[in-house]
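Report on the following structure.
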Amino acid sequence: MGEGTATLLWMRRDLRLSDHPALGAAIARGGPVIPVFILDDLAETLGAAPKWRLGLSLEDLARRLEAMGSRLILRRGDATQTLRALVAETGAGAVYWSRAYDPDSVARDKAVKAALKQDGLDARSHEGHLMFEPWTVETGTGGFYRVYTPFWRAVKERGVPEPEPAPSHIPAPKDWPLSDALEDWRLAAAMDRGAAICRPYQRVGEDAAQGRLGWFTGHAIGAYDTARDLPAEDGTSGLSENLALGEISPRRCWHAGMRALHEGKPGAETWLKELVWREFAYHLAWHTPRIVNRNWREDWDAFPWNEDEDHPHVIAWKQGRTGIPFVDAAMREMYVTGRMHNRARMIVASYLTKHLLSHWRIGQKWFEECLTDWDPASNAMGWQWSAGSGPDATPYFRVFNPETQVQKFDPKSRYLDRWIAEGRRNPTDTALSYFDAIPRKWGLSADDIYPEPIVSVKDGRAKALAAYERRGF
DNA sequence: TTGGCCTTGGG
DNA sequence: CCAAGGCCA
């Protein structure tokens with residue numbers, strides 16, 4: 001590898017051009033830069049909604065690269081083999097990427113790095129997906145934080161690098177390697193019925209994300225402290241889908257939030273804390289990889305969860321037919337839009353794991369199937385927080401009451417009206433759209449009778465608390 | 001070692 | 001008012 005050899009920029013969850021240290025390093029290295037996305041096992045096995053959303057992001061990124069004389073090379077297969085093949089085809093001397101922190105990605109990247117280094121290549125991972133590297137945040141005794149608030153206190157005064165602008169030019173190779181056609185990957189295949197309905201709810205790509213960040217920190221963040229709790233309001237940043245795919249960097253969000261804080265806008269600190277929750281989730285995944293698929297507190301293995309995904313209660317939960325309006329509205333919002341309001345996520349998670357006594361992994365898997373903002377670390381941490389099995393989790397006896405929650409956070413039933421059609425004289429278009437988004441085989445119609453609760457708020461709470469009292473730990 | 005404390009609640 | 005175990009300094 002000498003001066004002027006090409007650098008492969010292996011892109012994954014960093015689908016942006018600004019504030020991208022790996023891209024910056026690739027350009028600084030001097031030779032041509034070849035951006036590549038590989039549809040490997042990890043991408044291939046994404047849930048239906050995040051896989052489809054990934055395709056939208058890749059389409060946008062490719063267009064932006066082409067506009068500046070570059071390209072996005074698409075390849076399918078094992079990451080190591082594919083990168084080796086590309087090195088052979090292009091004579092590249094280096095492969096750069098943005099570091100990932102979830103266990104599956106870490107395992108893959110370790111293998112890739114070892115193989116490429118063995119080939120004598122400059123194989124290097126870079127920062128950018130997080131604001132703080134997991135190994136740099138330690139408690140007084142040298143461990144990692146298991147409780148959020150001390151974690152927050154440990155990082156909030158740290159400096160976060162200012163976001164870098166996008167490069168004005170990305171040096172192109174004389175000859176581009178061949179690329180797959182994005183359409184041939186059929187990333188929308190599992191979304192066939194719902195995709196057209198879901199599409200208008202997506203804000204795709206770096207420009208859209210930065211525009212939204214500007215609107216949010218400029219006009220909405222001041223009301224964030226209260227508006228963020230109201231599922232019928234557009235009171236949150238809504239940037240989770242962009243952060244999940246790296247269409248925007250957390251550093252850029254941090255600095256926009258800090259500016260709002262310095263301008264004295266009241267909700268700014270609360271929002272900065274939310275950005276740090278994302279960090280916390282990734283740090284936990286990095287320090288305790290089991291968080292993504294096992295009870296983080298192992299004594300919860302003894303808890304008598306229902307683990308049957310085909311249990312009628314679970315099916316009703318997934319289909320938004322529990323008979324509990326707030327729960328059903330939320331599940332339908334997710335199916336139609338690919339997102340779900342934060343407060344609603346807590347309520348459906350509480351209902352599944354407590355009233356229905358079903359394992360959090362069932363919910364985790366369904367969210368992975370349905371959420372366009374799906375993120376391995378946040379999803380795992382959120383579910384274990386709700387279930388009570390995770391770090392700094394809500395105590396198990398703290399059972400959300402979905403009726404009380406409606407009174408508090410949706411008193412005019414705007415959220416319920418938006419998503420529930422059955423039994424309404426004039427159902428809203430959004431509520432009706434649910435029945436066009438769902439698979440026909442579910443056999444549901446807007447003319448159905450709205451179900452009675454499969455498990456009442458009162459009985460479910462009592463049963464959950466009883467199961468917790470009887471637990472063997 | 002000890003004591004203050006812990007995202008989002010219920011009744 | 002309740003609930004609690006464990007984290008962190």
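Computed from a predicted structure; not experimentally measured. So that the names make sense, note that chain A is the first sequence line, chain B the second, and so on, each numbered from 1.
Straight-line distance from the CD1 atom of A:I347 to the C1' atom of B:dT8: 10 Å, rounded to whole Å. When rounded to the nearest whole Å, the span between CZ of A:R153 and P of C:dA9 equals 8 Å. Atom-to-atom, CZ of A:R398 to C1' of C:dG5 comes out at 13 Å; the value is rounded to the nearest Å. One can place CG of A:D225 at 14 Å from P of B:dT8, the figure rounded to the nearest angstrom. Between the CD atom of A:E469 and the P atom of C:dC2 there is a distance of 15 Å, rounded to whole Å.
Counting non-hydrogen atoms under 4.0 angstrom, A:R461 reaches the backbone sugars and phosphates but no base. Residue A:P150 is in sugar-phosphate contact alone, with no base atom involved, counting any heavy-atom pair closer than 4.0 Å across all strands shown. Among the protein residues, A:F397 comes within range of the nucleic acid bases, having at least one heavy atom under 4.0 Å from a base atom.
With C:dA9, B:dG10, B:dC6 as the choices, the nucleotide that has an atom nearest any side-chain atom of A:F400 turns out to be B:dG10. Comparing atom distances between the A:R297 side chain and each of C:dC7, C:dC8, B:dG10 picks out C:dC7 as nearest. When the nucleotides C:dC8, B:dG11, B:dT8 are ranked by their closest atom to the side chain of A:R343, B:dT8 comes out on top. The side chain of A:T139 lies closest to C:dA9, out of B:dT8, C:dA9, C:dA4. In this structure, the nucleotide among C:dA4, C:dC7, B:dT8 sitting nearest to the side chain of A:V147 is C:dC7. Picking from B:dG11, B:dC6, B:dT8 the nucleotide with the shortest atom distance to the side chain of A:N401 gives B:dG11.
The residues A:D102 and A:R12 are annotated as not salt-bridged, no charged nitrogen and carboxylate oxygen being separated by less than 4.0 angstrom. Taking a cutoff of 4.0 Å between a charged side-chain nitrogen and a carboxylate oxygen, A:R361 and A:E307 qualify as a salt bridge. Salt-bridge formation is not detected for the pair A:E369/A:K318: no Lys NZ or Arg NE/NH1/NH2 atom is positioned less than 4.0 Å from an Asp or Glu carboxylate oxygen. Electrostatic pairing of A:E422 and A:R332 counts as a salt bridge here, judged by a charged N lying under 4.0 Å from a carboxylate O. Under a 4.0 Å N-O distance rule, the pair A:E241/A:R339 qualifies as a salt bridge.
When the side-chain nitrogen and oxygen atoms of A:K408 are compared with OP1 and OP2 of B:dG10, one or more of them lie within a distance under 4.0 Å. Within the 4.0 Å cut-off from OP1 or OP2 of C:dA9, at least one side-chain nitrogen or oxygen of A:Y145 is found.
Pairs of Watson-Crick or G-U wobble type, with distances under 3.5 Å, assemble into runs of 3 or more in DNA chain C at these ranges: B:2-6 with C:5-9.
The shortest heavy-atom contact between A:A437 and A:I197 is N-CD1, 3.5 Å.
With values rounded to the nearest 0.5 angstrom, A:W383 atom CH2 is found 10.0 Å from A:W360 atom CH2.
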